[in-house]
Colleague: 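A single structure is presented below for examination.
These figures come from a predicted structure and were not determined experimentally. Chain letters run A, B, ... following the sequence lines, proteins first and then strands; every chain starts at 1.
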Protein chains: 2
Amino acid sequence: MKKPSIKDVAQHAGVSTATVSNVFSGRKPVNDDLKDRVRAAAEQLGYQANRAASQLRSQRNHVVAVLVPNLTDTFFAKIISNLENLAFSQGYDVIVASSHDRLDVEESRIKALLRWQPAGMIAIPCSGELPASIAALKETSPVVMVDRVSVEGCPFDTVTIDNYQSGVDAGQFLADQGHQKVLIAASNLDHPPIQNRAQGCFDTVQKLGGHCEILALGSDLDEGAKVVGDWLDNNEPPTAIFGLTNVTTLSVLTAMADRGIRVCDHISVVAHDDYAWMSARSASLTVMQQPVDDIAKTAWQRLIDRIESDGVNHAPQSSVLEAHLVKRKSVKNLKGGM
Amino acid sequence: MKKPSIKDVAQHAGVSTATVSNVFSGRKPVNDDLKDRVRAAAEQLGYQANRAASQLRSQRNHVVAVLVPNLTDTFFAKIISNLENLAFSQGYDVIVASSHDRLDVEESRIKALLRWQPAGMIAIPCSGELPASIAALKETSPVVMVDRVSVEGCPFDTVTIDNYQSGVDAGQFLADQGHQKVLIAASNLDHPPIQNRAQGCFDTVQKLGGHCEILALGSDLDEGAKVVGDWLDNNEPPTAIFGLTNVTTLSVLTAMADRGIRVCDHISVVAHDDYAWMSARSASLTVMQQPVDDIAKTAWQRLIDRIESDGVNHAPQSSVLEAHLVKRKSVKNLKGGM
DNA sequence: CTGAAAGCGCTAACAT
DNA sequence: ATGTTAGCGCTTTCAG
């Protein structure tokens, strides 16, 4: 059974196709009785407007492409989830692709996204480098780059958090609690946010007279756990560990659990980003919490502004939001009390 | 700057548009020299075929719609991630929508998905009920229903796990370890998988002479934690708790942590579904692990079979996969040894 | 193997 | 306010 077209609906309702179109698009006024007839006919036939045809004709496409490194990381999932809501409430559709953290996949996913002729794109690249297919959009199509971006020199709008400051805050807090030996568990120092978080914490702890070491764990949980574990087996234990991502934190906790090292009691832990599981522990984790909802909202707003200001092409803006410290129970106070 | 069309490429290469089309679609052979000319022209102009136009004309759409209750639940995210890979490797695109676990949103998201004229749909509904807009697809479009489905009477292919059996296995294991008083932390008993898991465990524990109680926590983590907490405050503690979902397990662990109740030591815990965080604890969680990759693979295969066997409409098939027990360290052996 | 021309379902411009 | 008609960019006949 073929799908009903606008013609079928028009015929059924005894009106022209243009009228049907106007009823659904709302671009021109239609009398109420006709509207009702059209709606009834559409309902009865199970009519769904064909996007392809409407897009082709109108040269407008209320679709925004979203690229993320990974769907299974709740941080990105939350951003997408927010974007989806925002988009939907404003009559846009969102199409999503994930690069699975691989540069080659990234390129091909971007190309696939672009074939939909989206009105714009929100991209979290998998490395700090601007993917070539996105760079090519400069004069063509609005783009907002989010999270894993080097803000300086990016030809597009950017939305990031102040990752250096976030590292500073974590380092400051640890130092305040008397921690002088801090291990930073980084994933991949090629990612600008990671690099900056690490640097911020490192600089701060050093400046305050402590000692800081940065360990790169990669992006695999088990391998990361092994790296941390080996390090722990071969070094003086730190008093605190700063986990820079969800996965690195999991690696750290795994390595600690394997060795019977207790969080807070033996080694304090600060995590970056706040996941539900971090609170559901006897020593709930102190974290640097990113304003996920704001990141999504800001990115969306930037993009929509560009799309709707159609043509007027002012200089790229960078929005920098702040992470903030949420104190829980995974950091021991080494000074005086406790 | 307008995007180049197939005409521009044709002109540039000195061939007809049909030839350009054939070069890219590969549906008809083209001489090598022409092919090269066309490719070069396309490259130079930055030509990207317009899907809308091609879909409209060919009436073929290599797009599959995917509906999930929630993007931020890693279980669903993993399924999507798998589907995306499978789709991509077979020349399909996937478009995703989330119902945010709300029936009204679900309906409107389904309608939005259908406007893409997808070749088929994979849906995880938010309740056990078949959404009306999906039911209407019966004669029109292939559909595979996954996870939260009552298999009996579903007019479409289904892919589920044997949730009752999963409950039985968990109950059996707990009973084997000497647990006679088990609390089942369910989310929402309207979801068929939850109902079945709970029932399987309940029946088994009872049959083996133990006592079992089912507590519905809803889908909110904090509210769930409150419900469990209240229950714990007002009842004889169970020897074990079976958490039926990621969120219920988090609620349980939160309530326990708040009360200084230690996993395994004081109360044993079995979780359903396996998330990375479940292992990164001093008492890593024993879980009923779902074969996520297989679920996705099976659903995809069913759908593609339907899409490509175009028309031949055999009876709905239901694929039932098995969850399996992964023993870790959250269950205490109450019998003899330990 | 290649080109010319028709037409997919819709909307924009124009006519009524 | 509604109808008529052309054409968006592509693929598909159908000729050559």
Colleague: Starting the side chain at C-beta, find the nucleotide from D:dA1, D:dG3, D:dC10 nearest to B:Ser5.
Modeller: D:dC10
Colleague: Report yes if at least one side-chain N or O of B:Gln59 is closer than 4.0 Å to OP1 or OP2 of C:dG7; otherwise report no.
Modeller: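 No, outside the criterion.
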Colleague: Can you tell which of C:dC10, D:dG3, C:dA4 lies closest to the side chain of A:Asn50?
Modeller: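 Of all the options, the side chain of A:Asn50 is nearest to C:dC10.
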Colleague: What's the CD-P distance between B:Gln55 and D:dT12, to the nearest Å?
Modeller: 13 Å
Colleague: Could you tell me whether the phosphate oxygens of C:dC10, OP1 or OP2, come under 4.0 Å of any side-chain nitrogen or oxygen in A:Ser54?
Modeller: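 No, A:Ser54 has no side-chain N/O under 4.0 Å of OP1/OP2 on C:dC10.
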Colleague: Considering only C:dA12, D:dT2, D:dT12, which nucleotide approaches the side chain of A:Ala18 most closely?
Modeller: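 The nucleotide sitting nearest to the side chain is C:dA12.
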Colleague: At 4.0 Å (heavy atoms only), tell me whether A:Arg51 reaches a base, stays on the sugar-phosphate, or touches nothing.
Modeller: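 No contact.
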Colleague: From the list D:dT2, C:dT11, D:dT12, which nucleotide is the closest neighbour of the side chain of A:Asn31?
Modeller: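 Looking only at heavy atoms from C-beta outward on A:Asn31, the closest nucleotide is D:dT2.
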Colleague: If you only use heavy atoms from C-beta on, which nucleotide in C:dT11, C:dC10, C:dA5 is closest to the side chain of B:Thr17?
Modeller: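 Given the options C:dT11, C:dC10, C:dA5, the side chain of B:Thr17 is closest to C:dA5.
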Colleague: As a test of reading the structure: which of D:dT4, D:dC8, D:dT11 is closest to the side chain of A:Arg57, going by heavy atoms?
Modeller: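 The closest nucleotide is D:dC8.
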Colleague: Figure out the NZ/C1' separation between B:Lys7 and C:dA4, and round it to whole Å.
Modeller: 12 Å
Colleague: If I take atom NE2 in residue A:His62 and atom P in nucleotide C:dT11, what distance separates them, rounded to the nearest angstrom?
Modeller: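 In whole Å, C:dT11 P and A:His62 NE2 are 12 Å from each other.
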Colleague: In terms of side-chain heavy atoms of A:Lys28, which of C:dA4, D:dA1, C:dA13 is nearest?
Modeller: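 Looking only at side-chain atoms, A:Lys28 lies closest to C:dA13.
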Colleague: Nearest heavy atom decides the nucleotide; on that basis, is B:Thr19 or B:Ser58 closer to the 5' end of DNA chain C?
Modeller: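 On the 5' side of the pair lies B:Thr19.
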Colleague: Mind listing the closest non-hydrogen atom pair of B:Tyr47 and B:Ile6 along with its distance?
Modeller: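 Closest heavy-atom pair between B:Tyr47 and B:Ile6: CE1-N, 3.6 Å.
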Colleague: Closer than 4.0 angstrom, basic N to acidic O: yes or no for B:Asp101 and B:Arg148?
Modeller: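 Salt bridge between B:Asp101 and B:Arg148, a charged N being under 4.0 Å from a carboxylate O: yes.
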Colleague: What nucleic acid atoms does A:Phe24 come within less than 4.0 Å of, heavy atoms only: base, sugar-phosphate, or nothing?
Modeller: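 The answer is nothing, as A:Phe24 stays clear of every strand by at least 4.0 Å.
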Colleague: Look at the side chain of A:Ser21 and decide which nucleotide, out of C:dT11, D:dT11, C:dG3, has an atom nearest to it.
Modeller: C:dT11
Colleague: Please output the side-chain donor-acceptor pairs of residues 35-45 of chain B that fall under 3.5 Å, not counting sequence neighbours, one pair per line with the distance.
Modeller:
{"unit_1": "B:Arg37", "atom_1": "NE", "unit_2": "B:Ala13", "atom_2": "O", "d": "3.0"}
{"unit_1": "B:Arg37", "atom_1": "NH2", "unit_2": "B:Ala13", "atom_2": "O", "d": "3.0"}

Colleague: Over how many whole Å does the gap from A:Ile6 atom CD1 to D:dT5 atom P extend?
Modeller: 16 Å
Colleague: Run B:Ile122 and B:Val146 through side-chain contact (heavy atoms from CB on, under 4.5 Å) and show every step you take.
Modeller: CA-CA 7 Å; B:Ile122 295 178; B:Val146 180; 3.8 Å; yes
Colleague: Which nucleotide in the list D:dG3, C:dT2, D:dG9 gets nearest to the side chain of A:Leu56?
Modeller: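 Closest nucleotide among those given: D:dG9.
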Colleague: Applying a 4.0 Å non-hydrogen cut-off, can you work out what A:Val30 is touching in the nucleic acid: base, sugar-phosphate, or nothing?
Modeller: sugar-phosphate
Colleague: What is the separation between atom OH on B:Tyr47 and atom C1' on D:dC10, rounded to the nearest whole Å?
Modeller: 7 Å
Colleague: Calculate the interatomic distance between A:Asp36 atom CG and D:dT2 atom P; express it in whole Å.
Modeller: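 It works out to 12 Å between those atoms.
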Colleague: What is the separation between atom CZ on B:Arg27 and atom P on D:dC10, rounded to the nearest whole Å?
Modeller: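 Going from B:Arg27 (CZ) to D:dC10 (P), I get 16 Å.
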Colleague: Between A:Arg115 and B:Asp93, does at least one N-O distance fall below 4.0 Å, as a salt bridge requires?
Modeller: no
Colleague: Taking side chain to side chain contact (heavy atoms under 4.5 Å, CB included) as the criterion, tell me which of A:Thr74, A:Val292, A:Val159 meets it with A:Ile79.
Modeller: A:Val292
Colleague: Would you indicate, yes or no, if C:dA12 has its OP1 or OP2 atom less than 4.0 angstrom from a side-chain nitrogen or oxygen of A:Arg60?
Modeller: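 Checking C:dA12 against A:Arg60, a side-chain N or O does come within under 4.0 Å of OP1 or OP2.
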Colleague: Just to be sure I understand the rule, does A:Ala49 reach a base, reach only the sugar-phosphate, or reach nothing, if contact means heavy atoms closer than 4.0 Å?
Modeller: sugar-phosphate
Colleague: Take the protein atom CZ of B:Arg115 and the nucleotide atom C1' of C:dG9, then report the distance between them rounded to whole Å.
Modeller: 13 Å
Colleague: By the 4.0 Å heavy-atom rule, please label A:Val15 as base, sugar-phosphate, or nothing.
Modeller: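 Sugar-phosphate contact only.
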